[in-house]
There are 2 protein chains.
Amino acid sequence: MQNSPFRNAAQREADRAAKRDAVLRAAVRMFNERGFFATSLDDVAASLGISKRTIYHYLANKDQVLLECITIGLEQLLEAADEARAEPGSGRDRLVKFLRRYVEINMDDFGICVSRTGEEALSRESLPRYRALKKKIDVAMRQILAEAVEDGSIGPIDVKMTAFTLAGALNWPGRWYDPKGALTPAEISEAMVKVLMGGLDPRS
Amino acid sequence: MQNSPFRNAAQREADRAAKRDAVLRAAVRMFNERGFFATSLDDVAASLGISKRTIYHYLANKDQVLLECITIGLEQLLEAADEARAEPGSGRDRLVKFLRRYVEINMDDFGICVSRTGEEALSRESLPRYRALKKKIDVAMRQILAEAVEDGSIGPIDVKMTAFTLAGALNWPGRWYDPKGALTPAEISEAMVKVLMGGLDPRS
DNA sequence: AGCACAATACACTTGTGAGTGCATATTGAT
DNA sequence: ATCAATATGCACTCACAAGTGTATTGTGCT
């Protein structure tokens, strides 16, 4: 059975996926370090000890490489929103949970890529998908905020403006976070959320 | 006297400066619209009805064009800090003044360029100056925060982390602000600062 | 009148990097 | 053993954009 075609087919697909992933990981690291435009696929290939042609076997073009990286990051954020929403506790508790996770994701390879990449980097064809995901996250953020306002666990705030403000603050670490720095992502995330929540807590 | 050489020399220099400025303005608009890397100096020249060679008469290279644009934006921020510091009133008042202005600058052409441009876009030679200016602004922000904490007009907070958090939130509008949108810069700035200050106000 | 220099254009070089055609190796299926 | 498909490398094309050499025009200065 260990030689059954099923097993083999699955194995092969897994191999392929693993290689594709490795390409994306290498690419996102270089994008984050030197910037998307300063990174050639030749560079990425070299860093993996393969040739550029091989990359094109797993991904259609450079634009798709970027889109995949960004998608991974954005999907992590969406997951974080879902998880937070499923949590017990007050609306405020769920919000804090979400924010904490949000910041941490933004200090991960793919999250950093998301916060560093603007629309200019993507092709016309990739934009719709990118925007759709962004929108979803914004909607999720607003929903979580609205729920917390609803149950009174945070003060009454302008949900839309607050979502923008939070998004900006939370994305920022993607720009300056240095893994070799003194603070861990968890510490940074805690401190930032503390600062931000002050403005949201109900006041007497 | 209107033909005195002084007048003429000054006039000429003013003309030159005006042209240089026009180039920078045209360039920054295109950078903001399509991104720095997607904008060629040929494009910029065409938008002014001149040839690329003319641009090179006023600026050494593309890198310098960008550096000048960014410098203008960053210097506006520094000015804002100085003005805020000179203001009467409590530390909190001065802080609010600064934050309000900060956000507004980030919705102006040169400010947008600052918030959209990362270090990857600049050359090795330009980086030191860029970093020095950034640092100055960070220092100013922390100083203003520290003064407000000092005089008790805002709550005791972690100055460093708060400065980072604020910077992120305040830079964000540069990414999404649309001059044709419903909200004016002043409205956006007011709403954002309101959200943020909540977290800084002393609580009873 | 003529000089010096600023301003501007045109046409060119050059480097780089995305994407591809083709040849080759490897491996599972029959 | 052989075939088909997948994986990979090499070498190429092609487009584009940064930057420059050179010629030309305009203008203030003496």
Side-chain angles (χ1 to χ4, degrees), chain A residues 1-23 26-27 30-31 34-69 120-126, chain B residues 1-23 26-27 30-31 34-69 120-126:
Chain A
M1 186 215 177
Q2 68 207 127
N3 277 337
S4 110
F6 279 137
R7 172 75 197 290
N8 286 343
Q11 187 68 40
R12 254 158 101 191
E13 204 155 315
D15 278 5
R16 189 181 168 84
K19 286 180 188 170
R20 210 180 107 114
D21 267 21
V23 170
M30 294 191 96
F31 290 165
R34 323 177 174 183
F36 175 71
F37 292 102
T39 304
S40 78
L41 290 188
D42 276 314
D43 292 338
V44 176
S47 85
L48 288 165
I50 61 177
S51 81
K52 179 171 61 171
R53 197 67 181 81
T54 303
I55 292 183
Y56 279 93
H57 234 262
Y58 296 95
L59 297 144
N61 48 42
K62 196 185 179 190
D63 179 59
Q64 204 199 345
V65 174
L66 180 60
L67 182 61
E68 290 294 309
C69 290
E120 327 83 52
L122 288 161
S123 72
R124 206 165 280 305
E125 299 83 57
S126 301
Chain B
M1 185 214 177
Q2 67 208 129
N3 277 335
S4 109
F6 279 137
R7 172 77 198 287
N8 287 342
Q11 188 68 40
R12 254 160 98 195
E13 204 157 313
D15 279 5
R16 191 182 165 83
K19 287 180 187 170
R20 210 181 108 114
D21 267 21
V23 170
M30 294 191 95
F31 291 165
R34 324 178 174 182
F36 175 72
F37 293 101
T39 304
S40 78
L41 290 188
D42 276 314
D43 293 337
V44 176
S47 85
L48 289 165
I50 60 176
S51 82
K52 180 171 60 172
R53 197 67 181 81
T54 302
I55 293 182
Y56 279 94
H57 234 263
Y58 296 95
L59 297 145
N61 48 42
K62 196 184 180 189
D63 179 58
Q64 204 200 343
V65 174
L66 180 60
L67 181 61
E68 290 294 310
C69 291
E120 326 83 51
L122 287 161
S123 73
R124 207 164 279 305
E125 300 85 55
S126 301

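Per chain, numbering begins at 1; letters A, B, ... match sequence-line order.
Atom-to-atom, NE2 of A:H57 to P of C:dG19 comes out at 16 Å; the value is rounded to the nearest Å. Taking atom CZ of residue B:R16 and atom P of nucleotide C:dC5, one finds them 15 Å apart after rounding to whole Å. Rounding to whole angstrom units, CD1 of residue A:I55 and P of C:dT20 are separated by 14 Å. Between A:R20 atom CZ and D:dA7 atom P there is a gap of 12 Å when expressed in whole angstrom units. Distance, A:Q64 CD to C:dG19 C1': 14 Å, rounded to whole Å. C:dG19 atom C1' lies 14 Å from atom CG of A:L59, rounded to whole Å. Rounded to whole Å, the distance from NZ on B:K19 to C1' on D:dT27 is 11 Å.
Screening residues 60-69 of chain A for salt bridge (Lys or Arg N to Asp or Glu O under 4.0 Å) gives A:R20-A:E68 as the qualifying pairs, with residues at least two apart or on separate chains.
B:A121 is linked by a side-chain contact (heavy atoms from CB on, under 4.5 Å) to B:F36, B:F37, B:L66, B:T117, counting only residues two or more places apart in sequence or in another chain. Residues meeting the side-chain contact (heavy atoms from CB on, under 4.5 Å) test with A:R34, sequence neighbours left out: A:M30, A:A38, A:T39, A:D43. With sequence neighbours excluded, the residues satisfying salt bridge (Lys or Arg N to Asp or Glu O under 4.0 Å) with A:K52 are A:D42. Among residues two or more places apart in sequence or in another chain, the salt bridge (Lys or Arg N to Asp or Glu O under 4.0 Å) test is passed with B:R53 by none.
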Quiz item: Could you run down nucleotides 9-21 of chain D 5' to 3' and tag each one B, S or - for protein heavy-atom contact under 4.0 Å?
Solution: BB------SBBBB
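Distances shown here put a side-chain N or O of A:Y58 below 4.0 Å from the OP1 or OP2 atom of D:dT8.
Of all heavy-atom pairs between A:Y56 and A:N61, the closest is CE2-CA, 3.8 Å.
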